[in-house]
Amino acid sequence: MALRFNFTSPMPDLNIPSSRCTNPSLNLHRSFSSTNSLILPRVRSLPVAVRCRSSHQSSLDITAGNGMSVFHEVELKVRDYELDQYGVVNNAVYASYCQHGRHELLEEIGINCDEVAQSGEALALSELSLKFLAPLKSGNKFAVKVRISGSSAARLYFEHFIYKLPNEEPIVEAKGTAVWLDKNYRPVRIPADFRSKLVQFIRHQESN
């Protein structure tokens, strides 16, 4: 409640008990402080913004680093033409192994990369980093494990691990980023139908 004082007119005589006689300036300061303290909690409290942010995160279920908790696994075998002059798998071939794993995962989710391409759009790889731990040789059997570890509005983030079978010796660790592109090869938001399929897939994984 605002207080107004007319300092041009004489102040009326006030009969105030001595026990309550204090410095008026202190009383005014307390009054305004009390008023401010009532306003501040309403300024800090933003329930609408919090609810909107929480709803956006739950729509995809993989934002803020929260992706799939389970890896999709594909088993493969080294072919002779994938070797280099040293008799081991050429480093460039591991990128193809990772791509094969991503495509298998997307098909498991319900997304066919060929159908996406025929629509004129694309889910294109924009980044891929690989860490080589051990080699593979001709005839070796191995597993490619891949999952979607997170996302942004237009991007999906993948984690890949390649293990030699049957002892599961680590061979390669890789991280990749795929971006959804429109017909002009410009980044666009991930389509709603893809998000829906991905959310259903994640929930199915978590329930098993």
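Basis for what follows: all heavy atoms, side chains included, without hydrogens, waters or symmetry-related copies.
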Look at atom NZ of Lys145 and say whether more than 12 heavy atoms of other residues, nucleotides or ligands are closer to it than 6.0 Å. yes
Flag side-chain contact, heavy atom, 4.5 Å: Glu75 against Leu165: yes
ILVMFWY network linking Val74 to Val70, side-chain heavy atoms under 4.5 angstrom: no
Tyr163 and Phe142: ring-ring contact (aromatic ring centres under 6.0 Å, His included), yes or no, with the steps? CA-CA 5 Å; Tyr163 294 92; Phe142 62 95; over 10 Å; no
Tightest non-hydrogen contact, residues Lys197 and Ile111, listed as CD-CD1, 3.7 Å
Treating Ile, Leu, Val, Met, Phe, Trp and Tyr as nodes and any side-chain heavy-atom pair under 4.5 angstrom as an edge, say whether Leu181 and Ile190 lie in one connected cluster. no
Distance (rounded to the nearest 0.5 Å) between His103 NE2 and Cys98 SG: 11.5 Å
Would a 4.5 Å heavy-atom cut-off, applied to side chains only, mark Leu125 and Thr177 as touching? no
Roughly how far apart are Glu169 CD and Ile162 CD1, rounded to 0.5 Å? 12.5 Å
Using side-chain heavy atoms (C-beta onward) and a distance below 4.5 Å, is Val88 in contact with Leu136? no
Do the side chains of Asn140 and Lys77 get nearer than 4.5 Å, heavy atoms only? no
Where do Ser69 and Arg147 come nearest, in terms of heavy atoms and distance? CA-NH1, 4.3 Å
Please tell me whether Val179 and Val116 are part of a single hydrophobic cluster in this structure, the criterion being side-chain heavy atoms less than 4.5 Å apart. no
Determine whether Ile148 and Phe201 satisfy the following criterion, side chain to side chain contact (heavy atoms under 4.5 Å, CB included), listing intermediate values before the conclusion. CA-CA 11 Å; Ile148 297 175; Phe201 183 79; over 6 Å; no
Would you check if His100 and Val144 make a side-chain contact, meaning some heavy-atom pair closer than 4.5 Å? no
Taking every heavy atom of Phe158 against every heavy atom of Ala178, the minimum-distance pair comes out as CE1-CB, 3.8 Å
Quick one: pull up CG in Leu76 and CD in Glu104 and give me the separation to the nearest 0.5 Å. 8.0 Å
For Val89 and Val93, which heavy atoms make the closest approach, and how far apart are they? CG1-CB, 3.7 Å
Min side-chain heavy-atom separation Val172-Leu133 under 4.5 Å: no
To the nearest 0.5 Å, tell me how far Arg195 CZ sits from Ser151 OG. 9.0 Å
Membership question, hydrophobic clusters at under 4.5 Å side-chain separation (ILVMFWY): are Phe71 and Leu130 in the same one? no
What's the separation between atom OG in Ser149 and atom NZ in Lys175, rounded to the nearest 0.5 Å? 7.5 Å
Any side-chain heavy atom of Trp180 within less than 4.5 Å of one from Glu121? yes
Identify the heavy atoms of Tyr97 and Arg79 that sit nearest to each other, and give their distance. CE2-NH2, 4.5 Å
Given Leu106 and Leu123, is the side chain to side chain contact (heavy atoms under 4.5 Å, CB included) satisfied, shown in steps? CA-CA 11 Å; Leu106 291 174; Leu123 182 59; 3.7 Å; yes
pair Phe161-Val146: side-chain heavy atoms closer than 4.5 Å: no
When rounded to the nearest 0.5 Å, the distance separating CG of Asp114 from OG of Ser119 is 11.0 Å
Exercise: identify the closest heavy-atom pair between Val188 and Ala154: O-CB, 3.0 Å
Have His160 and Arg102 got a donor and an acceptor in their side chains that come within less than 3.5 Å? yes
For Asp80, check side-chain hydrogen bond (donor to acceptor under 3.5 Å, both in side chains) against everything at least two apart and list the hits. Ser138
